[in-house]
Amino acid sequence: LFGGAKIPQLMRGLGKGVHEYKKGLAGQDDESDKTDSKQDAQAGKADKDENLDNEDKPLSEHLEDLRGVLWRCIAAWGVASVVAFCCKTPLFSIVFAPSRGDFFIFRGMEWLSQRLHWSALAPPDHTPSFIATELTAQFMTHLTVSLAAGFVLVSPYIIAKLYGFVAPALYASEKRAAVGIVTVGTVLFWMGVLLNYFVIFPFAYRFLSTYQVQPDVANQITISSYISLFLNLVADGRTVPIYALYLLSILVARHTAPRT
């Protein structure tokens, strides 16, 4: 059975079996590759079919559309700023409220100190006083605060217009990602504004306005320094330009990407 004459025959049979086995594996791999390629092509086609709003336009038309969006945003900002400028009394009541001793956070600390019988927790009495050292200081302060208030008020509109400009060039998955990032970022931005206004800025102002290196050195706070600190901590509008750059970068990447 295993004599010298049978060994070549057994080896040929073994080699033939290995060859058939390899051939079968190669056929399965080719069929799997064809199936994967077909599925990828169908997925790509479905993704493109979802982007029905995207039309090929030359760069000049995109720039023309962008110019219209920017002009509408600037017009909305201007209208909101004019409204804020006309509402001087309520606007500056909001701006100067954190400097007063009867502000929300200070009244809360006083109430808590009475409940806990802990007098050290109550903030000391403080009467704010500001001066204007330049002839145009108060008018420029009024104008600056009005512009900042108008920008904060129309920031949701600006973000919506910029997203509406970029959205036609995005696929469905990209739209979902952009909407999620902008929504979460906007909510966090407004939470930060409220936290700064009600908590951080009042304590920062109270500490800086009462701090003295010597008792003989009196603090005379200019209105411009107060507004500068207020705008830096509360009405910081850098978030909107960040969103604008993020959305526009998606559009530029989509427009300049090589077509396949």
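No hydrogens, no waters, no symmetry mates; every other heavy atom, side chains included, goes into these values. Small disclaimer: the values here were computed from a predicted structure and weren't measured.
Between Y197 and I94, some side-chain heavy-atom pair lies under the 4.5 Å cut-off. Contact annotation: the side chain of S155 never approaches that of W77 to less than 4.5 Å [non-hydrogen atoms, C-beta and beyond]. With contacts defined as side-chain heavy-atom distances shorter than 4.5 Å, the pair T210/N219 does not qualify. Counting heavy atoms from C-beta on, the side chains of T222 and F130 never come closer than 4.5 Å. P202 has its side chain within reach of F106: a pair of non-hydrogen atoms, C-beta onward, lies under 4.5 Å apart. Taking the side chain as every heavy atom from C-beta outward, S146 and L91 approach each other to under 4.5 Å. A 4.5 Å side-chain heavy-atom check between D65 and V69 finds every atom pair outside the cut-off.
In this structure, L147 is not a member of the same hydrophobic cluster as I74, with clusters built from ILVMFWY side-chain heavy atoms closer than 4.5 Å. No single ILVMFWY cluster, assembled from side-chain heavy atoms under 4.5 Å apart, contains both V79 and V152. Residues W190 and L195 share a hydrophobic cluster, clusters being chains of Ile/Leu/Val/Met/Phe/Trp/Tyr side chains in contact below 4.5 Å. The hydrophobic clustering, which links ILVMFWY residues whose side-chain heavy atoms are closer than 4.5 Å, places V95 and F198 together. Clustering ILVMFWY residues whenever any of their side-chain heavy atoms sit less than 4.5 angstrom apart, transitively, puts I221 in the very cluster that holds F207.
Relative to the six-membered ring of Y211, R206 misses at least one condition, a distance below 6.0 Å or an angle of at most 45° to the axis.
Taking CG of L194 as the start and CD1 of I200 as the end, the distance is 11.5 Å to the nearest 0.5 Å. Distance check, rounded to the nearest 0.5 Å: CG of L229 to OG of S99 gives 11.0 Å. Between atom CG of residue L112 and atom CZ of residue R115 there is a gap of 9.0 Å, rounded to the nearest 0.5 Å. Expressed to the nearest 0.5 Å, how far CZ of F139 lies from OG1 of T141 amounts to 10.5 Å. Rounding to the nearest 0.5 Å gives a distance of 11.5 Å between CD of E134 and CD1 of I223. Interatomic distance, CG of N232 versus CD1 of I227, reported as 11.0 Å (0.5 Å rounding).
I131 CD1: more than 12 foreign heavy atoms inside a 6.0 Å radius. When the shell of 6.0 Å around CZ of F203 is examined, it contains more than 12 heavy atoms from other residues, nucleotides or ligands. Around CD of Q212, the count of heavy atoms belonging to other residues, nucleotides or ligands within 6.0 Å exceeds 12.
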request  = Determine, step by step, whether Y226 and F201 satisfy the ring-ring contact (aromatic ring centres under 6.0 Å, His included) criterion, reporting the C-alpha distance in whole Å, the side-chain angles of both residues, the deciding distance to 0.1 Å, and the verdict.
outcome  = CA-CA 10 Å; Y226 177 87; F201 177 75; 5.4 Å; yes
message = Between S228 and S225, is the side-chain hydrogen bond (donor to acceptor under 3.5 Å, both in side chains) condition met? List the steps.
response = CA-CA 5 Å; S228 177; S225 63; over 6 Å; no
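The two residues S93 and R100 have their closest heavy-atom pair at O-NH1, 3.6 Å.
Under a 4.0 Å N-O distance rule, the pair R107/E110 does not qualify as a salt bridge.
For Y205 and F230, the gap between ring centers reaches or exceeds 6.0 Å.
Formation of a donor-acceptor pair under 3.5 Å by the H142 side chain with backbone atoms of K88 is not found in this model.
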